[in-house]
Amino acid sequence: MLATRLSPYLEKLTRKCPAIQREFVPTKNEGQDETGTFDDPLVEERHTVTRGLVHKYGNRALVLLTMNCAAYCRFCTRRRKVSDIERGIIRERDLNNMVKYIKRHPEIKELLFSGGDPTTVPAILKRALQKFTKLPQIKIIRVASRLPASNPKMVNKQLIDALKVVKKQPLYLMIHFEHPEEITSDSIIAVKKLQKVATMCLNQSISLKGVNDSVEILQALFSKLIEIGVKPYYHYRCDPVKGAEHFIVDFKREVEIFTKLRTRLSGLATPMYVIDAPGGAGKVPVPLNFWNFDHKGYRDFKGKKLTVVEGRQD
Ligand code: SF4
């Protein structure tokens with residue numbers, strides 16, 4: 001059960017912007033109709049190889065360092081366990097077990113630190129980075145952070161010092177903004193601090209009904225991001241996760257929005273629009289309406305036929 005948490009910074013922002021409020025404050029219909037959705041749509045539990053380490057794609061692995069976040073997003077893909085802080089605590093022996101597994105799998109070249117928000121636990125993040133960046137097989141480090149949007153003041157010296165541990169590998173910071181009004185003067189200061197230590201800052205966003213399901217809002221979001229030096233990377237169709245059904249946008253409408261956006265934004269400002277196929281078989285790019293295609297079904301990376309999951313009323 002996903003807890004409710006807002007930072008004092010977000011509390012102010014949610015009072016000004018109903019769309020941001022919807023991201024973090026539960027509505028009465030949350031979890032009312034969960035048919036066709038999943039606790040774990042990306043089957044991460046099945047691919048958990050040792051506590052905190054998910055190995056689903058050959059050359060890269062996901063490190064889940066915590067289930068803590070500065071604020072909890074109601075649409076979180078990991079809402080089955082995010083906010084269960086006790087369950088998520090990663091200890092030294094867990095990190096050592098991860099190192100052992102990675103060494104036994106030399107095909108793993110890239111590590112993505114996520115959670116929860118790994119940048120809310122800088123001491124653990126630092127310890128993990130110290131261990132993993134020493135492994136010669138690791139060529140790329142990615143760290144996800146929602147802090148510039150959820151609590152920018154937490155992008156502090158302790159966090160920056162932790163990130164500075166990464167010296168040999170390129171460090172990609174995966175930031176998470178969903179709405180242009182999340183990009184405030186405080187969040188820009190936080191992003192600038194991260195840019196000083198990161199090789200590149202990228203943004204991941206999600207289509208969310210009632211939050212950003214409009215051409216104008218997404219155009220403003222992606223334009224602002226590129227102006228502050230953050231490359232819009234992936235824009236996801238909302239995962240069919242239990243409790244987040246009311247965020248799923250009508251698929252035809254979503255494709256129409258993205259088709260219009262493509263005519264308005266530069267290539268640099270346009271993220272790749274994808275469906276993260278339920279079952280964990282790849283982030284499948286969605287074709288736009290410049291081509292004729294079937295809006296009901298698609299195939300994942302393994303060739304399996306899948307049906308698009310539609311949302312619920314809210
Ligand atoms: S910050 Fe990330 S992990 Fe935390 S609730 Fe939001 S989406 Fe989930």
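In each ligand, atom 1 is the first atom listed, and ligand 1 is the first ligand listed.
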Provide the number and element of each atom of ligand 1 under 4.0 Å from a heavy atom of [X].
{"X": "R146", "value": "1 (S)"}
{"X": "C69", "value": "1 (S), 3 (S), 4 (Fe), 5 (S)"}
{"X": "G116", "value": "3 (S)"}

Original post:
Under 3.5 Å, is there a donor-acceptor pair between the R142 and S114 side chains?
Top reply: no
Subject >> Stepwise side-chain contact (heavy atoms from CB on, under 4.5 Å) check, S223 with R264 >> reply: CA-CA 10 Å; S223 302; R264 295 188 186 187; over 6 Å; no
Original post:
Out of R80, K56, R78, R79, which residue meets the salt bridge (charged side-chain N to carboxylate O under 4.0 Å, His left out) rule with D40?
Top reply: R80
Original post:
Relative to each other, are the rings of F247 and F75 parallel, tilted or perpendicular (30° and 60° limits)?
Top reply: perpendicular
Original post:
Are any of the side-chain nitrogens in E92 or K131 under 4.0 Å away from the carboxylate oxygens of its partner?
Top reply: yes
**OP:** Indicate, as side chain, backbone, both or neither, the part of C73 found under 4.0 angstrom from ligand 1 when only non-hydrogen atoms are considered.
**Re:** both
**OP:** Tell me, please: is H176 in heavy-atom contact with ligand 1, that is, under 4.0 Å?
**Re:** yes
Original post:
Just wondering, is there an N, O or S atom on C76 that's nearer than 2.8 Å to atom 8 (Fe) of ligand 1?
Top reply: yes
